[in-house]
Amino acid sequence: MAKVSSTQVHQSHPNRIAGTSLLYPHSRGFPGGLLTSGFVSAQASELSGYFDEPGLPARCTVILSGSCSMKAGGQIHHFETCDLILARTSRETFTFENSAEFSALEIHVPPLLLGEMNIDSLPGIQVRSLKLQDPAIKTARRLLGYLRMANPSGLQVARPNELIGYGLAMTTLGYAFASCETKRLQLNGKKAVCLETARQTLLKHFDRAPTILQLAALCDLSPTRFKELFRQQFGCAPYTLYQAHRMERARSLLREKNVTETAMELGYSNVSHFSAAFQRQFGYTPSKWQRLIL
């Protein structure tokens, strides 16, 4: 697994390597300290490292294809195609994994620029699922296309061409933050405590999961409202979180148990179903994982 700092990843790379993997995105800086990076990875991969950018910028990320998981701050977040993520940056370590055929657009916004835009600092991670025809998705795709065509080698770029990229980046942020403001949900202390209780209940046993109805009842919410607030609070849907932690437990068990024993302990009656779920999560089979670590 590659280990790298976030500053090393988000920088301009030569044409010959830009866009070849998560380590070498298409990246460009714009006025005001705005930084854009376009990630394209044909193969499932993973990397780990630490956030070290100066100024702790906010991040706006749009998943354009595939899926990914990130573990940071003691939590696992899973994102899928058409997810728009707004997040603050903390100085911490992270682990990131992506599926095959993955692409994403990421914009870093320094605090000063956020202030100039009259946008409050983000409290954590906010996730919204978009439709394919959402203007934020369309603009993010255009910006990724611009980054792939722009010269990433550090040579001077014509001013009009630079303004096109800057305009696309600011437009993407406009869609992202406008939605954030109009759909922001405020959780009172009681609801936050209930959601944390539901999360702990969900992750208590990996051989059987409680139903959404049972979890919603813990918070005195309807199932629909519970799922909405859970995703806002923890960055993903309840069963997505459950499955991510379940597969992390699987990787731990596979250090000492065989594939069949691990599947049984996690509540799978069919080993092939377990293997398929494991491969969807990490991009390789349980058997291959054991060969890598043993």
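This is a predicted model, so every value here is computed, not measured.
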Q: Determine yes or no for a side-chain-to-main-chain donor-acceptor pair under 3.5 angstrom, with Tyr242 supplying the side chain and Pro210 the backbone.
A: no
Q) Hey, are Glu106 and Thr61 close enough side-chain-wise for a donor-acceptor pair under 3.5 Å? A) yes
Q.
Contact between Ile76 and Met70 at the side-chain level, heavy atoms closer than 4.5 Å - yes or no?
A. no
Q) Can Arg251 and Glu97 be counted as an ion pair, charged N to O under 4.0 angstrom? A) yes
Q) When you look at CG of Asp220, are more than 12 heavy atoms from neighbouring residues, nucleotides or ligands closer to it than 6.0 Å? A) no
**Q.** Flag side-chain contact, heavy atom, 4.5 Å: Thr81 against Ser67
**A.** no
Q.
Is any side-chain heavy atom of Tyr50 closer than 4.5 Å to one of Arg91?
A. no
(Q) Is it the case that over 12 heavy atoms from other parts of the model lie below 6.0 angstrom from the CD atom of Gln43? (A) no
Q: Please examine the side chains of Glu162 and Pro31, heavy atoms only from C-beta on, and report whether any two atoms are closer than 4.5 Å.
A: yes
Q. Between Ser65 (side chain) and Ser103 (backbone), is there a donor-acceptor pair under 3.5 Å?
A. yes
Q: Could you tell me whether the side chain of His13 and the main chain of Val9 form a donor-acceptor pair under 3.5 Å?
A: yes
Q. Just wondering, do Pro57 and Val109 contact through their side chains at under 4.5 Å, heavy atoms?
A. no
Q: Ignoring hydrogens and angles, state whether a donor on the side chain of Thr139 or Thr172 is under 3.5 Å from an acceptor on the partner side chain.
A: no
Q: Could you point out which residue of Arg291, Gln279, Glu46 forms a side-chain hydrogen bond (donor to acceptor under 3.5 Å, both in side chains) with Tyr284?
A: Glu46
Q: Would you indicate whether the side-chain heavy atoms of Glu196 and Phe234 approach each other to under 4.5 Å?
A: yes
Q: For His10 and Ser37, test the side chains for any donor-to-acceptor distance below 3.5 angstrom and give the result as yes or no.
A: yes
**Q.** Any donor-acceptor N/O pair, Gln290 side chain to Thr285 backbone, under 3.5 Å
**A.** no
Q) Does a donor on one side chain sit under 3.5 Å from an acceptor on the other, for Arg28 and Tyr166? A) no
Q. Hey, does the side chain of Asp134 reach the backbone of Lys131 with a donor-acceptor pair shorter than 3.5 angstrom?
A. no
Q: Report yes if some heavy atom in the side chain of Phe274 is under 4.5 Å from a heavy atom in the side chain of Thr260; otherwise report no.
A: no
Q. With a 4.0 Å cut-off, would you call Arg249 and Glu265 a salt bridge?
A. yes
Q) How about Thr240 and His245: do any of their side-chain heavy atoms sit closer than 4.5 Å? A) no
